[in-house]
Amino acid sequence: MASYINNEIKGGNSSFKILEQNIKNIISMANYCFACNRCVNVCPLSHLDIFFPRMLVGDLIYSSFGEVLTNHNIWNCLTCGQCTIYCPMTQENDGIRIPELILELRKISRNNEIQIDRITRCETHNEIFPLISKMMANEAIIPNKLEFLDEKALKTAESGEIAYFIGCLPLMEEIFYNLGFNYNNIPITIISLLNEANIVPVVLNEKCCGHDILWGKGNIETFKKFAEYNTQLYKDAGVKTVIVGCAEGYRTWKYDYPKIVDDFDFKVFHFSEFFLKEKILEHVKFPYNSKIKVTYHDSCRMGRLGGKLYNSPRELIKQIPGVELIEMENIKDDANCCGVSTFTNCNEFTHFLRQNRINEAVNTGADYLIVTCPKCLTHFNCYINEPSLNKEHNELRNKIKVVDLASFIGKLLMLV
Amino acid sequence: MQWIMKLFNLGGLILLKIKKKVKSEFEPNILVFCCNWCSYAGADLAGVSRFQYPPNIRIIRVMCSSRVDPTFVLRAFNNGIDGVLIIGCHMGDCHYMKGFEYTQVRMVHLKNLIRYIGIEADRFQLHSISASEGKQFSELIKDFTKKIIEFGELKIPKKSGIFELEYNCTKK
Ligand code: SF4
Ligand code: SF4
Ligand code: FES
């Protein structure tokens, strides 16, 4: 196995042990495949002719590692996990799971010369997000992003049992200032609703969760730094329960941190789960009872890759009086991808995926499309607001509005 | 003869020590983006009229200040630059009509972003200098350098060789 690595990978990786383990993982995963081609049938990228999961797995088994990396652009995969639902060989902790296979491949090949070029080509927004992550990863840099809390009279604590993880929302607000909504409404709503239930959450200046740098760049060293910093910060504050407001943070805290941090003992909840558990919305009075039709988009990081958390956001929506939830054609396991994950691959192909999903949402006749992931929120809004020569496209703005679940509740309660 | 050689050696040593002493004081690396039409001409005028300013800056000329993407600034910080200055035309004077207005909107947000990341926001500034303001240019650079020296070195480790380009060119 060692020669396999040495011959195929130029550029090398700092820790050889990780490499060997990774390759073992990859090969053992790939060997499960029996070439049924189901993944190609469901993968949205195969329909657009840019990525074929079965061929990639086949190359892994029958030819060399170098060939895999030259023949396939592993940075194209959205890691949306739609293939894992139909693959007969996918199991909870066993079998072949394409997104994780891709992640392992990315971890190895990020130092490879051809790959670096490809990564840069897939990056969106001129690589601003990886840049921020890289800067934050320095030990001496301590983020300072809680300013927006001062304007509102919100109660937060320095230490306690329950913490709320804000993530990068204040940063995203400064980057996408022109999309017509405020990302900070999400933390403001969540904290003020918690306060109304007499819970004073711990809110700290944590660093980025590291999701993007792991999945989009395969950079495990930086990810480890973030994981250790954040968990240590919360341990020092005596936190036992972590509430996360976004889908990617949820996935990272719940499934990726325990793998990489020793003695990880936090209970992780998505805010919708926590609100249902504590019955927070049941005690809140909504000021007016207007009829609103909404539809809900399942994000991959909370669904297929995040423990299939499909029901709690839906139940939370149903608790709002006067709101009617109309389901789209493809929901839950079959929900289509918004087309961009980890701020990579925003191109003319994935544009089709967004078009598809928005059309599905418009066809339900709903006024609002509710999402729980800040990336879906950004990309759908970007699609709706982009200038176009097409008349129908320009009318989309009046037909449907894309909002986040938390800020939707906040607007109805007039908290934001 | 030997004692003369020794004296020379000694002299060399003393010189080296002096050099070291000078080097140990903090010399910030500052990056300046100047737009072609006003502020670069202003910098030119400062040079032509021999207004003195600290040698810590390197100027990158861009056609308009709105050419500067926020990531350029972040990338500079990530490579270990201690301060970044963007200089454009005065409001309404921009060669491309609205360029400077766009820059202003963008940079207000960038300043917040830099503060959120955990870097002193004043390490990055936006100013306007017109083609006739050579004096103001040298003053601005003096003030900014003083401020950066007060802040001290940026906590991000320096990449070697960013400011040694000139040296390498002469070495062939
Ligand atoms: S994770 Fe998504 S994009 Fe990647 S192969 Fe599977 S279905 Fe295709
Ligand atoms: S669906 Fe699974 S078993 Fe079938 S070809 Fe794809 S990876 Fe292989
Ligand atoms: S040309 Fe000077 S700012 Fe636009």
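Proteins get letters first, then strands, A, B, ... in listed order; numbering begins at 1 in each. Values below: every heavy atom of this structure, side chains too, minus hydrogens, waters and symmetry copies.
- With a threshold of 4.5 angstrom between heavy atoms, A:Ile142 approaches chain B through N, CA, C or O but not through any side-chain atom.
- Remark: B:Arg67 CZ is loosely packed, at most 12 non-hydrogen atoms of other residues, nucleotides or ligands lying under 6.0 Å away.
- Heavy atoms closer than 4.5 Å to chain B are found in the side chain of A:Ile175, but not in its backbone.
- Only the side chain of A:Asn138 comes within contact range of chain B, with at least one heavy atom under 4.5 Å from a heavy atom of that chain.
- Looking only at heavy-atom pairs under 4.5 Å with chain B, the residue among A:Glu173, A:Lys207, A:Glu147, A:His125 that has the most is A:Glu147.
- More than 12 heavy atoms of other residues, nucleotides or ligands shown are found within 6.0 angstrom of NZ on B:Lys155.
- In this structure, B:Lys98 places its NZ atom where only 12 or fewer heavy-atom neighbours from other residues, nucleotides or ligands lie under 6.0 Å away.
- Side chains of A:Glu127 and B:Arg75 form a contact here, defined as non-hydrogen atoms less than 4.5 Å apart.
- Taking A:Lys134, A:Met135, A:Met136, A:Lys145 one by one and counting their heavy-atom pairs under 4.5 Å with chain B, the maximum is reached by A:Met135.
- Heavy-atom neighbours of A:Lys235 NZ from other residues, nucleotides or ligands within 6.0 Å: above the threshold of 12.
- To the nearest 0.5 Å, atoms CG (B:Asn78) and CG (A:Leu131) are separated by 5.5 Å.
- Shown here is A:Glu158, whose CD atom has no more than 12 heavy atoms of other residues, nucleotides or ligands within 6.0 Å.
- Scanning residues 101-134 of chain B against chain A with a 4.5 Å heavy-atom cutoff picks out B:Val105, B:Arg106, B:His109, B:Asn112, B:Leu113, B:Arg115, B:Tyr116, B:Ile117, B:Gly118, B:Ile119, ordered by number.
- Between A:Ile132 atom CD1 and B:Phe77 atom CZ the span is 13.0 Å, to the nearest 0.5 Å.
- Residue B:Met91 qualifies as enclosed at atom CE: its count of foreign heavy atoms under 6.0 Å is above 12.
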